[in-house]
Amino acid sequence: MAASEAPPPAEATVEVQTTAPPKDPEEVTLDAILKHLGQFGRFQLIIFLLICLPMMFHAMFSVTYVFTASTVTHRCHIAECDSPESAYVEPWTEFSIPRNGKDLDQCNRYSNDQLPQWNQSAGEDICLAEHYSAHVESCPGNKFVFRDREELTISNDFGIYCDEEWKLSLVGTINNVGQFFGIPIGGYVADRYGRSFSIALGGILGAVLGIVRSFSPSYIWFLVFEFLDNMTSSTLYSTCFVIGIELVGPKRRVLACSVITVFYAVGEVALAMFAKAYPDWRILLRITYTPSLILLAYFWILPESVRWLLSQSKEERAKGILRRAAKVNKRKLSDSLLDKLILANRDKLEQSAESRFPIREAFKNFKWRIANCSLCWIVHVLVYYGLSLNVVLLDGNKYNNFAYIALVEIPGFFLPLLIMDRFGRRYSLCGLMIFSGICCIGTIFAGADQPVLQLVLFLVGKLTITASFQVLYFFASEIYPTNLRNSLLSFCSMMGRFGSMLAPQTPLLAKYYASAPAMLFAGAAIVSGCLTLFFPETTNVILPTTVQEADAIGVKTKSSKSQQDPKQTVP
């Protein structure tokens, strides 16, 4: 009712008193029942432990290509100098092979003027510095000497070197194309057939396809199974996150889901350690994927999301899970309270005047919200993966470097705990994105002359974009209704794949201007960070069940403040 149409104060008081319910309306909401059962009790803890496994497996599934399709460091085989026992670095490599930065050139050598007249059978020694000219030529016959001879990737297994190394980069692109198609399909499955069903199905299909990929006889077959593997398992992260969001009370959402996402970083570290211990890509895939076959049991042991069951009118299953939760958490839950919940849920679904899967209505009502969320997702993925791919400051062992990059994400997962409830979702997201952009700008001004400062800025930028990504997942989970939450979250995540497809190309910008990648990351993060202020605030808001409830987020608070009248307040 508009303020100008409000009745006299006396009538307003009577109207409020006669229409006010005798009890708090939250008694019949799922959030109120979760508070009663314990917002993060033993039952929720058991489910969270189950969810952490697929989260960890997904981390390994999505980035195995970093090691399976990596370039094996090598140099030209110098026929006139090398013997079967020769190492990667020998005294003659100083004058026979050009340098590419700190490393030896992988695909070229200096020409030897005496090589055309060399009589190898006579034992003639022409491996002398004065015989080599400044003329550079490609490695003859694609014969190489490898630095790490025990390391086997698809590069030296399938003979992919030098001019064909684009095939190795293509693996990462195919990986993200698979996720691009798989994420919306997985989101649809989760919203139509259930969260636990989606986790179990995606996990087991990904496990089988990953194991099959380890037997690939050729590069083409490897690409095929890389695509299929990531298409089927790509939804694990978002579905685990959503089921975690829907499982606990509002005051424990941030803590609980921060713990879940930490296991993504744990999975990355575990992958790096497995790759270090088993440098053969076929063995690595089998070790990584075989344990995930345990997800087959999740069809039976992982309880379904109660919120999803209620949104689908699967009332008896929802009541059964809540009774089990009460028993495990050692709390009493009366049948009358469950009946009130069911009746309130029925009324809500009937009044919503929408189907159980109103995707068209959602895109009509939330078109700007979805567009902004999609842009935000693209920027996050671009900056997140772009910083990882441009990690030229971290020298040393690539396995350790990958582990360090993953470990720095862990404080980023917990940073939202300190700021989200204090400053709100919007300001936290905006501030973290802008801060990450400022760090990218800082690396430009620091320059190569200050490597320590540059490294610190890089790590802080990675930490803050990780924390911002965490906030974004919460935001995207809270601004959409239950019956579309997984689908719309997956749609935004799918759009983010454009950022991950672009990220591998950003190092090419440095050939034209050294600071171009950092400028791109900074500009995108700052602009998108400012646009996040147009989102509605969701802090301490009950998760919306219907499209109408989701559409009203941010509006109710504003209207209630504008219409509040001290005379209408019930004493």
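What you see below is based on every heavy atom in this structure, not just the backbone, and it leaves out hydrogens, waters and symmetry mates.
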| query | Is the number of heavy atoms from other residues, nucleotides or ligands within 6.0 Å of CZ (F414) greater than 12? | reply | yes

| message | Is it the case that the side chain of H74 and the backbone of V72 share a donor-acceptor pair, with hydrogens and angles ignored and the cut-off at 3.5 Å? | response | yes

| field | Closest approach of I260 to C52 (non-hydrogen atoms, all atoms of both residues) | value | CA-SG, 4.3 Å

| request: Say whether, by atom type as modelled, one donor and one acceptor occur between the side chain of S234 and the main chain of N230 under 3.5 angstrom. | output: yes

| task | Report yes or no: does S436 contribute a side-chain atom to a donor-acceptor pair with the main-chain N or O of G461 at less than 3.5 Å? | result | yes

| said: Could you check whether any side-chain heavy atom of Y427 comes within less than 4.5 Å of a side-chain heavy atom of I419, counting everything from C-beta outward? | reply: no

| query | Got a salt bridge between R109 and D105, using NZ or NE/NH1/NH2 to carboxylate O under 4.0 Å? | reply | no

| message | Show the nearest heavy-atom pair for residues I441 and A522, with the distance to one decimal. | response | CG1-CB, 3.4 Å

| Test item: N156 side-chain N/O and E151 main-chain N/O as donor-acceptor pair under 3.5 Å | yes

| query | Considering the options L387, V460, I465, L463, which one meets the side chain to side chain contact (heavy atoms under 4.5 Å, CB included) requirement together with C439? | reply | V460

| message | Counting only heavy atoms not in F274 (residues, nucleotides, ligands), do more than 12 fall under 6.0 Å from its CZ? | response | no

| query | Judged by atom type as modelled, is there a donor-acceptor pair below 3.5 Å linking the side chain of S528 to the main-chain atoms of A524? | reply | no

| query | Has R425 got its NZ or CZ under 6.0 Å from the middle of the six-membered ring of F535, at an angle within 45 degrees of the ring axis? | reply | no

| field | Candidate pair L285 and I211, rule side chain to side chain contact (heavy atoms under 4.5 Å, CB included), full reasoning | value | CA-CA 6 Å; L285 286 179; I211 294 172; over 6 Å; no

| said: I'd like to know if the side chain of R369 and the backbone of I479 have a donor-acceptor N/O pair within less than 3.5 Å. | reply: yes

| Does a donor on one side chain and an acceptor on the other come within less than 3.5 Å for T239 and T235? | yes

| Taking atom types as modelled, is there a side-chain donor on H380 or S468 under 3.5 Å from an acceptor on the other? | yes

| field | Neighbour count above 12 (heavy atom, 6.0 Å) for F435 CZ | value | no

| said: Show the nearest heavy-atom pair for residues I526 and G437, with the distance to one decimal. | reply: CG1-CA, 4.3 Å

| Contact check, side chains of S493 and S238, non-hydrogen atoms, under 4.5 Å | no

| task | Verify whether one side chain among T71 and Q106 offers a donor that lies under 3.5 Å from an acceptor in the other. | result | no

| said: Looking only at the side chains, is there a donor atom on one of S138 and N108 sitting less than 3.5 Å from an acceptor on the other? | reply: no

| Counting only N and O atoms by type, is there a donor-acceptor contact under 3.5 Å from the side chain of S374 to the main-chain atoms of C492? | no

| query | Between S216 (side chain) and R213 (backbone), is there a donor-acceptor pair under 3.5 Å? | reply | yes

| Do the ring centers of Y289 and F57 come within less than 6.0 Å of each other? | no

| said: Check whether N175 reaches the backbone of S62 with its side chain - one donor and one acceptor, N or O, closer than 3.5 Å. | reply: yes

| Can a donor-acceptor pair be found between the side chains of R286 and S214 at a distance below 3.5 Å? | yes

| said: Surrounding CZ of F469 (heavy atoms of other residues, nucleotides or ligands, distance under 6.0 Å), is the total greater than 12? | reply: yes

| query | Are any side-chain N or O atoms of D229 and backbone N or O atoms of F225, one a donor and one an acceptor, separated by less than 3.5 Å? | reply | no

| message | Checking E409 against Y384: is there a side-chain donor and acceptor pair closer than 3.5 Å? | response | yes

| message | Suppose we call two aromatic rings close when their centres sit under 6.0 Å apart. Are Y88 and F146 close by that rule? | response | no

| Taking the six-membered ring for Trp, is the centroid-to-centroid distance between F498 and F180 below 6.0 Å? | yes

| request: Nearest 0.5 Å please: distance from the CD1 atom of I97 over to the SG atom of C139. | output: 7.0 Å

| remark: dist W281:CH2 -> T153:OG1 (nearest 0.5 Å) comes out at 9.5 Å

